[in-house]
Q: 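Structure provided below as structure tokens; questions to follow.
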Amino acid sequence: MSATRGTGGFSFTRIGAMVLRYWYLLSNSWPRAVELIYWPTVQMLTWGFVQLYVAQNSSFFANAAGLFVGGLLLWDVLLRSQQGFAFAFLEELWSRNLGNLLMSPLRPSELIVSLMVISIIRLGIGMIPVTFLAIPLFGFNVWGLGLPLAVFFVNLVIAGWSIGLVIIGILLRQGMGAEALAWSLMFLLMPITCVYYPVATLPAIVQPIAWALPTTYVFEGMRAILVTHTFRIDLMATAFAMNALWFAVAVFAFYRLLAAARRAGSLLQQGE
Amino acid sequence: MLMGLILPDAGAIRILGHDMPGERAALLERMNFESPYVDMPHRLTVRQNLTVFGRLYRVERLKARIDELVEDFDLAAFVDRKAGQLSAGQKTRAALAKALLNSPEVLLLDEPTASLDPDTADWVRGRLETYRAQTGATILLASHNMPEVERLCDDVVILRRGRIEDRGAPSDLLRRYGRDTLEEVFLDVARGTRAEGVEPAAARPAEVEP
């Protein structure tokens, strides 16, 4: 009788449906697409001019061009991948559509994969134009980093997803009261993960915390390329290992929070 | 709980011979629901919403199915309008079309005619009767509208403070309570004013089998 009769297994069709839903949202609302590009551009312009000024007054920065802009662009990859992941989920809360999704055959694992894909799409729309803008304006070509750029990118995106996963788990359990986390949690990491300065700058007591973050290895690796022109494979290997651990912990936390929300009935009370 | 959104404290739920929430994803492909308390995304058009949900439910020949529902539910005038711009009646019709996209064997409806004008409400009830007659689907309806319950249901469960107070076919309830309408039966149960000698039917597990 039904138009469909499935086995309930993992489905790429359902992932495609979620991505299509988000694509419709973007294409129906141009301010959303503009907003994706707006903040990375503003940030890049601000830090780019700061770097130009500092480079004119410091031989170190003059020789290590791109430290600020490079740090900023990689930071934005991290921030936007987390926000893209969490905001795509928040869209479902804002539109009161979460009930439809959670009472559909969509599996939590399919929801996670679809949010990953959407975060990459958002990242592409927001970041690619900005990276090209940095070339004529500040003479910094992030694409010139080549293979290391791909390694940095993958590590930062996975780290962003891990944090995004924990945030949406908390949103499922606590409702919209936890919405601010999606906007702000990543900024807690910013001073510790050493986006613009080496880990050695931090107080000794904070440095172990910094080294516990996979993202710290990426920013240190970027500085190694820009300052000493060496690609530190050891840093990247550690970043991958730590990311694998962090992602596994985030998936575990997400499923535990979802189960707790199901037990508490909080999935039906997603308002503030 | 029937849709796997809340876990039961105790007991088991079996629908169409399968365990919920153990076989949740497979079961939900054969079920659907409509509720005024859950919206379709406002910024998507009705057609875009139906396309997305059709893919979520892996509906075969989706475009043809959507065209069929557009005709059945008279959606043509607003199918390309954003869901957030629809009137209450149009929203209900669109939501019902979404609920029937996968031709569910079990359809859960929460107050399907709440806030609708009498004409649209009557039309919706007619559509549900037709769907049930054509497909033999089980419809689980939650409603405070007793004339609607009397018209659509052949098995009525009356709840009070989360517990089953009575259960039976509408004619059986009317006979046992000595009342002319289910509304009067409902008031007897709600106010605890049932006549002497009226014994509630023994509660039994709900069964939803093909």
Side-chain angles (χ1 to χ4, degrees), chain A residues 1-32 88 91-111 114 172 258-271, chain B residues 1-9 18 21 23-35 37-45 47-49 51-62 64-65 68 82-84 95 98-106 108 134-137 210:
Chain A
M1 178 180 58
S2 289
T4 62
R5 282 295 170 267
T7 57
F10 190 89
S11 165
F12 287 100
T13 305
R14 285 195 286 266
I15 292 167
M18 289 300 293
V19 175
L20 181 67
R21 177 259 188 277
Y22 192 76
W23 184 253
Y24 282 149
L25 182 68
L26 271 186
S27 55
N28 288 359
S29 171
W30 64 264
R32 273 183 166 76
E91 292 281 3
E92 308 304 347
L93 290 178
W94 292 329
S95 61
R96 293 179 45 192
N97 186 42
L98 189 64
N100 278 322
L101 299 180
L102 295 178
M103 290 188 273
S104 79
L106 184 73
R107 288 167 165 265
S109 54
E110 293 161 356
L111 175 66
S114 64
L172 284 170
L258 177 61
R262 283 206 165 110
R263 274 194 302 276
S266 58
L267 295 175
L268 286 172
Q269 298 144 2
Q270 289 293 327
Chain B
M1 229 176 257
L2 294 176
M3 304 294 282
L5 208 56
I6 304 173
L7 296 178
D9 294 326
H18 296 277
E23 297 166 81
R24 180 184 165 280
L27 256 180
L28 288 178
E29 287 197 353
R30 302 167 65 182
M31 300 170 67
N32 213 319
F33 78 102
E34 191 271 327
S35 165
Y37 307 107
V38 180
D39 286 348
M40 292 200 290
H42 287 188
R43 292 184 185 277
L44 270 58
T45 66
R47 189 186 300 280
Q48 288 172 337
N49 268 302
T51 303
V52 169
F53 283 107
R55 292 186 183 196
L56 277 177
Y57 284 86
R58 297 199 295 184
V59 175
E60 290 162 13
R61 295 181 298 280
L62 179 58
R65 179 66 182 146
E68 197 178 299
K82 288 180 182 172
K98 172 258 163 193
L100 297 184
L101 259 172
N102 60 329
S103 306
E105 292 164 72
V106 179
L108 278 72
Q134 285 174 345
T135 63

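Worth saying up front: this structure is predicted, and the values here are computed from it rather than measured.
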Q: Among Glu92(A), Arg32(A), Met18(A), single out the residue with the greatest number of heavy-atom pairs under 4.5 Å to chain B.
A: Arg32(A)

Q: Okay, side chain of Arg262(A), backbone of Gly4(B): is any donor-acceptor separation there less than 3.5 Å?
A: yes

Q: Which atoms form the tightest heavy-atom contact between Pro105(A) and Tyr57(B), and what is the distance?
A: CD-CE2, 3.5 Å

Q: Checking Glu23(B) now: which residues fulfil salt bridge (charged side-chain N to carboxylate O under 4.0 Å, His left out) with it, not counting sequence neighbours?
A: none

Q: Is Lys98(B) close to Asn100(A) at the side-chain level, that is, under 4.5 Å between some pair of heavy atoms?
A: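 Yes. Closest side-chain heavy atoms under 4.5 Å.
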
Q: Using a 4.5 angstrom heavy-atom cutoff, name the option from Lys82(B), Arg55(B), Met1(B), Gln48(B) with the most pairs to chain A.
A: Gln48(B)

Q: Give me the atom names and distance for the closest heavy-atom approach of Arg14(A) to Glu29(B).
A: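 The pair with the smallest heavy-atom distance is NH1-OE2, 2.6 Å.
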
Q: Only pairs of heavy atoms separated by less than 4.5 Å count here; which of Ile6(B), Val38(B), Leu27(B), Asp39(B) has the most with chain A?
A: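 With the most close heavy-atom pairs to chain A, the winner is Asp39(B).
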
Q: What's the spacing between Tyr24(A) OH and Thr45(B) OG1 if we round to 0.5 Å?
A: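 If we round to the nearest 0.5 Å, Tyr24(A):OH and Thr45(B):OG1 are 7.5 Å apart.
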
Q: Name the option with the most non-hydrogen atom pairs under 4.5 Å to chain B; the candidates are Leu101(A), Ile15(A), Asn28(A).
A: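 Of the options given, most contacts go to Asn28(A).
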
Q: What's the verdict on side-chain contact (heavy atoms from CB on, under 4.5 Å) for Arg21(A) and Leu56(B), showing C-alpha distance, side-chain angles and the deciding distance?
A: CA-CA 10 Å; Arg21(A) 177 259 188 277; Leu56(B) 277 177; over 6 Å; no

Q: When heavy-atom pairs shorter than 4.5 Å are enumerated against chain B, which of Gly16(A), Ser104(A), Ser95(A), Ala259(A) gives the highest number?
A: Ser104(A)

Q: Taking atom CG of Leu44(B) and atom OG of Ser29(A), what is their separation to the nearest 0.5 Å?
A: 10.5 Å

Q: Can you give me the closest heavy-atom contact between Arg24(B) and Leu102(A), atom names plus distance?
A: NH2-O, 2.5 Å

